[in-house]
Trainee: 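There's a structure below that I have some questions on.
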Amino acid sequence: MKKIITLLLFGFCAFLNGQTKLNFGYDGAGNQISRILCINCLSKSAQDIVEPDAITQNDLEKFFPEDVISYYPNPVREELYLQWELTHDNFVASVNLYSITGQLLRTYQLNNSSNSLAIPFQQYTVGVYIVLLSYKDGGEKSIKIIKK
């Protein structure tokens with residue numbers, strides 16, 4: 001019986017190693033242009049792997065061009081410092097502090113001349129918090145903060 005199980009296990013391993021694979025080819029837009037059945041093929045050879053060119057600053061697209069937000073430290077112990085620079089006459093109208101459960105803990109109303117804020121964290125317990133910056137134009141930006 002042990003010989004049969006050993007023989008079956010060996011045959012199963014050999015079957016897994018010799019399975020067929022499908023390789024797909026795509027054009028620049030991401031459309032599938034070829035499907036090749038490869039029997040007992042290995043992974044791509046070093047000739048087939050193409051390294052991307054160096055990424056330049058012009059290739060990077062910012063999520064919101066007007067957002068230049070700095071915050072430190074994260075994780076925070078006593079006080080979180082926020083600083084921002086916005087363009088196109090936009091400004092941060094309010095900053096809300098939420099617990100990870102969504103409970104509003106504190107709201108800071110700001111004027112258009114403010115470009116920084118210090119949020120005290122001494123009174124809050126250890127955990128994860130969300131800081132939500134609301135802009136004059138209706139946009140919002142959220143930041144995850146860890147309290148130690």
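When reading the values below, keep in mind they use all heavy atoms of this one structure, side chains included, and skip hydrogens, waters and symmetry mates. Numbering starts at 1 and runs along the sequence shown. Please read all numbers here as calculations on a predicted model, not as lab measurements.
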Trainee: Let me see the working for Phe91 and Asn115 under side chain to side chain contact (heavy atoms under 4.5 Å, CB included), right down to the final yes or no.
Mentor: CA-CA 8 Å; Phe91 63 89; Asn115 68 345; over 6 Å; no

Trainee: For Lys144 and Val128, which heavy atoms make the closest approach, and how far apart are they?
Mentor: CG-CG1, 3.6 Å

Trainee: With rounding to the nearest 0.5 angstrom, report the CD to CG distance, Glu140 to Leu132.
Mentor: 4.5 Å

Trainee: Flag yes if more than 12 heavy atoms outside Lys148 fall under 6.0 Å of its NZ atom; otherwise flag no.
Mentor: no

Trainee: Nearest 0.5 angstrom please: Thr107 OG1 to Gln109 CD, how far?
Mentor: 6.5 Å

Trainee: Picking from Asn96, Leu97, Ile69, what satisfies side chain to side chain contact (heavy atoms under 4.5 Å, CB included) with Val131?
Mentor: Leu97

Trainee: Between Trp84 and Lys141, is there a side-chain heavy-atom distance shorter than 4.5 Å?
Mentor: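 A side-chain contact is absent here, since even the closest heavy-atom pair is not under 4.5 Å.
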
Trainee: Looking only at side chains, do Gln83 and Tyr81 share a donor and an acceptor under 3.5 Å apart?
Mentor: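 Checked: Gln83/Tyr81 side chains show no N/O donor-acceptor pair below 3.5 Å.
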
Trainee: Say you draw a straight line from CD of Glu78 to CD of Gln123; how long is it, rounded to the nearest 0.5 Å?
Mentor: 12.0 Å

Trainee: If you measure from CG on Leu110 to OG on Ser94, what distance do you get to the nearest 0.5 Å?
Mentor: 7.0 Å

Trainee: Would you say Ile119 ends up clustered with Ile143 if hydrophobic residues are merged whenever their side chains have heavy atoms under 4.5 Å apart, either directly or through other cluster members?
Mentor: yes

Trainee: Of the options Tyr124, Tyr71, Tyr98, which is the one that meets Tyr129 in a ring-ring contact (aromatic ring centres under 6.0 Å, His included)?
Mentor: Tyr124

Trainee: Could you tell me whether Ile4 atom CD1 has more than 12 heavy atoms of other residues or ligands within 6.0 Å of it?
Mentor: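 No, CD1 of Ile4 has 12 or fewer neighbouring heavy atoms, counting only those of other groups under 6.0 Å.
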
Trainee: Using the rule that Ile, Leu, Val, Met, Phe, Trp and Tyr join whenever any side-chain heavy atoms are under 4.5 Å apart, tell me whether Tyr72 and Ile145 fall into a single cluster.
Mentor: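 In one cluster: no.
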
Trainee: What are the two closest heavy atoms between Ser142 and Ile130, and how far apart are they?
Mentor: CB-CG2, 4.1 Å

Trainee: Between CZ of Phe121 and CD of Glu79, what distance do you get to the nearest 0.5 Å?
Mentor: 10.0 Å

Trainee: Shared ILVMFWY cluster between Leu105 and Ile146, side chains joined below 4.5 angstrom?
Mentor: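 Unlinked, Leu105 and Ile146 end up in two clusters.
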
Trainee: Minimum heavy-atom separation for Val76 and Pro73, please, with both atom names.
Mentor: CB-O, 3.6 Å

Trainee: Taking all non-hydrogen atoms of both residues into account, name the closest pair between Tyr108 and Pro120 and its distance.
Mentor: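 That would be OH-CD, 3.6 Å.
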
